[in-house]
Amino acid sequence: MNVKTASLNTVVGLFVLGLVVQVSAAEKMYGVFMVVKGGVQIQSPGKAEAAAKVGAKVYEGDKVITAADSRAKIVMSDRNVLNLNPDTTIEIATYQNDPATGKKNVEIKLGAGKLRANVEQNYDGEKNKFQVKTPTAVAGVRGTQFQTGFDPKTSLTSIVTFKGSVAVMAVNPQGRPMGQPVIVKKGQMTTTAPNASAPEAPKALPKEEMKQIENDSLAANLAPVAPLAETGASREIASESPPAVSPEKAPSTSMIDSKDMDMGMAKDIKPVGNTVMAPPSTTVRAPNTDTAVKDVLRSGGKTKVIIRPTPQ
């Protein structure tokens, strides 16, 4: 083999290796269950249904199902957060975030129940999209916090915005958006009925009702269930090692709770840390060498020490 051939093979090998690394990086997009309460199941293509537990991973193409009186909180590796209410079914149809190309595309299908999405990433709504779809509506955001609800009995979709704004459109029976979108701002709600040409005009919700909806949408308000024992059908755990610092004392730096760092996701989720100020230094002075203990008197169970300075 001559030098030119060897060099060419080296270049080709490096190119293929680069492609493999890029594909592997794309495959690493996943979410981690930070809260699991009650019965929560994961359905993966070609795999047996598995019980979710704190620390288990969920990937693109997976379905997550919560039973009655059950909840789950998933933190994705790009810091987006999903909170599932009881009796909820979602499918992570598409989840792409490629730092090399800047392409970000998320599509989550809500088949039943309520899903709160806290969107940390920025999306332009065109090349980069974050969408939650139901059989009767689609909600698109650029970076916000909102809840999507779908009632399979009535096929009614509801959207409530907690922060930012959400563009909502009706969809036809084939799942294609139609008509003009309505913009649901913070503190507003809209609904979309089946076969509607457009969602209803957004309306402001009373503060007390809004507060109740927001509290009910957060699975993190509940204590997480301890991880279950490993079984053949269980998903892999993100990490078995807890952090050295207690998460209860860690300051919150974003909408991601300090508890979200429990499973060793520091390499994937990097909240900005607060500056820790060192306590002011304390100088300990040595005792004056010109003084000496002269007398020690004890009286009535008490000790009295008399210190007299030594003459200069």
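- Of all non-hydrogen atoms in E200 and T190, the two that sit nearest each other are O-OG1, 2.5 Å.
- To the nearest 0.5 Å, atom CD of residue E120 and atom CD of residue Q145 are 7.5 Å apart.
- Nearest heavy atoms, S165 versus V141: O-CG1, 4.3 Å.
- The shortest heavy-atom contact between I183 and A167 is CD1-CB, 3.8 Å.
- When hydrophobic clusters are built by joining Ile, Leu, Val, Met, Phe, Trp and Tyr residues whose side-chain heavy atoms come closer than 4.5 Å, directly or via intermediates, I92 is grouped together with V119.
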Worked check of side-chain contact (heavy atoms from CB on, under 4.5 Å) between F150 and S158:
CA-CA 6 Å; F150 181 71; S158 62; over 6 Å; no

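- At distances below 3.5 Å, at least one donor-acceptor pair connects side-chain atoms of Q121 with backbone N or O atoms of D78.
- When every heavy atom of N195 is checked against every heavy atom of P173, the shortest pair comes out as OD1-CG, 4.4 Å.
- Judged by distance alone, the side chain of D87 and the main-chain N or O of A68 form a donor-acceptor pair under 3.5 Å.
- Just one of N80, N105, D62 meets the side-chain contact (heavy atoms from CB on, under 4.5 Å) condition when paired with Y95; it is N80.
- R116 is not listed as a side-chain neighbour of N85, based on a closest heavy-atom distance of 4.5 Å or more.
- Between F146 and F130, the ring planes lie perpendicular to each other; the angle is over 60°, past the 30° to 60° tilted range.
- Of all heavy-atom pairs spanning P199 and A170, the tightest one is CD-N, 3.8 Å.
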Take K133 and V171, measure what side-chain contact (heavy atoms from CB on, under 4.5 Å) needs, and give me the verdict at the end.
CA-CA 9 Å; K133 289 186 175 181; V171 299; over 6 Å; no

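- Inter-residue side-chain proximity for M34 and V32 is flagged as met; some heavy-atom pair is nearer than 4.5 Å.
- Expressed to the nearest 0.5 Å, how far NZ of K37 lies from NZ of K73 amounts to 15.5 Å.
- Side chains of N83 and S217 form no contact here, defined as non-hydrogen atoms less than 4.5 Å apart.
- Among all heavy-atom pairs drawn from M178 and M169, the shortest one is O-CE, 3.8 Å.
- In this structure, the side chain of S70 does not engage the main chain of V40 through any donor-acceptor pair within 3.5 Å.
- Put simply, the side chain of Q43 reaches to within 4.5 Å of the side chain of I65, judged on heavy atoms.
- Between P202 and M189 there is no side-chain heavy-atom pair separated by less than 4.5 Å.
- Hydrophobic clustering places I159 together with I90 (ILVMFWY residues linked when any side-chain heavy atoms are closer than 4.5 Å, directly or through intermediates).
- Taken from CZ in F162 to CD in E214, the straight-line distance is 5.5 Å, to the nearest 0.5 Å.
- For the residue pair T136 and T157, a side-chain donor N or O sits within less than 3.5 Å of a side-chain acceptor on the partner.
- In terms of modelled atom types and a separation under 3.5 Å, the side chain of N128 and the main chain of K104 share a donor-acceptor contact.
- Both V168 and V106 are part of a single hydrophobic cluster, where members link through side-chain heavy atoms under 4.5 Å apart.
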Apply side-chain contact (heavy atoms from CB on, under 4.5 Å) to V58 and F33, showing your working.
CA-CA 8 Å; V58 63; F33 283 90; 4.1 Å; yes

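- Distance CE/M76 to OH/Y59: 10.0 Å, rounded to 0.5 Å.
- Linking Ile, Leu, Val, Met, Phe, Trp and Tyr whenever their side-chain heavy atoms come within less than 4.5 Å puts V64 and V54 in one cluster.
- In the model, E107 has no side-chain atom that pairs as donor or acceptor with a side-chain atom of Q131 under 3.5 Å.
- Linking ILVMFWY residues whenever their side-chain heavy atoms come closer than 4.5 Å, directly or via other members, leaves L218 and I213 in distinct clusters.
- By the salt bridge (Lys or Arg N to Asp or Glu O under 4.0 Å) test, E60 is found to be paired with no residue, residues two or more places apart in sequence or in another chain being considered.
- Side chain of T134 to backbone of L110: no donor-acceptor contact under 3.5 angstrom is found.
- Rounded to the nearest 0.5 Å, atoms CG (D216) and NZ (K114) are 7.5 Å apart.
- One finds the CD1 atom of I42 at 9.5 Å from the CD atom of E49 (value rounded to the nearest 0.5 Å).
- Remark: the backbone N or O of Q188 is not paired with any side-chain donor or acceptor of T161 at under 3.5 angstrom.
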